[in-house]
S.K.: 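First the structure, then my questions, so here it is.
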Amino acid sequence: EMLEKEKDLEAVVIALPLHLHAPVAIACMKAGKHVLCEKLMARTITQCKEMIRTAEDPKNDRILTIGHQRHY
């Protein structure tokens with residue numbers, strides 16, 4: 001809903017539970033938004049690769065940044 005209403009947004013911060021990172025980030029990039037995703041990138045390697053493919057896809061061409069922090 002936000003992606004449809006807020007046409008002026010250039011980027012979004014994904015600050016959601018981990019299981020939502022990949023689907024929301026992908027939807028945002030397909031809607032033409034750059035993405036900063038917090039915490040871990042996604043739950044699985046497959047989801048991570050899908051996020052990267054979406055960002056690098058020439059029809060999307062979005063910046064995807066992951067805010068990793070150290071884990072002890």
S.K.: Same cluster for M2 and V35 if Ile/Leu/Val/Met/Phe/Trp/Tyr side chains link at under 4.5 Å?
M.R.: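 Same cluster: M2 reaches V35 through Ile, Leu, Val, Met, Phe, Trp or Tyr contacts under 4.5 Å.
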S.K.: Can you measure from NZ (K33) to CD (E6) and round to the nearest 0.5 angstrom?
M.R.: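 Separation between the atoms: 8.5 Å.
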S.K.: Mind checking whether L64 and L36 sit in one hydrophobic cluster, side chains of I, L, V, M, F, W, Y counted as touching below 4.5 Å?
M.R.: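 No; tracing contacts between hydrophobic side chains, which count when under 4.5 Å, never links both residues.
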S.K.: Report the C-alpha separation of L3 and C28 in whole Å, then their side-chain angles, then the decisive distance to 0.1 Å, and conclude whether the side chain to side chain contact (heavy atoms under 4.5 Å, CB included) test is met.
M.R.: CA-CA 7 Å; L3 296 174; C28 290; 4.0 Å; yes
S.K.: Before you tell me yes or no, could you show the steps for D57 and K30 under side chain to side chain contact (heavy atoms under 4.5 Å, CB included), namely the whole-Å CA-CA distance, both residues' side-chain angles and the distance that decides it to 0.1 Å?
M.R.: CA-CA 10 Å; D57 187 327; K30 287 183 176 180; over 6 Å; no
S.K.: Compare every heavy atom of M51 with every heavy atom of A22, then report the nearest pair and how far apart it is.
M.R.: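 What the structure gives for the nearest pair is CA-SD, 3.7 Å.
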S.K.: Answer yes or no: is there a donor N or O on one side and an acceptor on the other, between the side chain of N60 and the main chain of A55, under 3.5 Å?
M.R.: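 Not confirmed, N60 side chain does not pair with A55 backbone.
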S.K.: Honestly curious: do L9 and I14 fall in one hydrophobic cluster under the side-chain, below-4.5 Å linking rule?
M.R.: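 Yes, same cluster.
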S.K.: Do you reckon M29 sits in the same ILVMFWY cluster as L18, going by side-chain contacts under 4.5 Å, direct or chained?
M.R.: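 Looking at the clustering, L18 is in a separate group from M29.
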S.K.: Closer than 3.5 angstrom, by distance alone: can the side chain of H19 be matched with the main-chain N or O of R43 as a donor-acceptor pair?
M.R.: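 A pair under 3.5 Å: no.
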S.K.: Taking the side chain as every heavy atom from C-beta outward, state whether E38 and H21 have any pair of such atoms under 4.5 Å apart.
M.R.: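 Yes, close enough: below the 4.5 Å cut-off.
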S.K.: Measuring from atom CZ of R62 to atom CD1 of I26, what distance do you get when rounded to the nearest 0.5 angstrom?
M.R.: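 That separation rounds to 15.0 Å.
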S.K.: Rounded to the nearest 0.5 Å, what's the gap from CD on E50 to OG1 on T46? Could you check?
M.R.: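 Rounded to the nearest 0.5 Å, the CD-OG1 separation comes to 8.5 Å.
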S.K.: Is it true that a side-chain atom of Q47 and a backbone atom of T44 form a donor plus acceptor pair closer than 3.5 Å?
M.R.: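 Side chain of Q47 to backbone of T44, a donor-acceptor pair under 3.5 Å: yes, one is there.
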S.K.: Given 3.5 Å as the limit, does a donor-acceptor pair link the side chain of H34 with the main chain of I63, or not?
M.R.: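 Such a contact is found between H34 side chain and I63 backbone.
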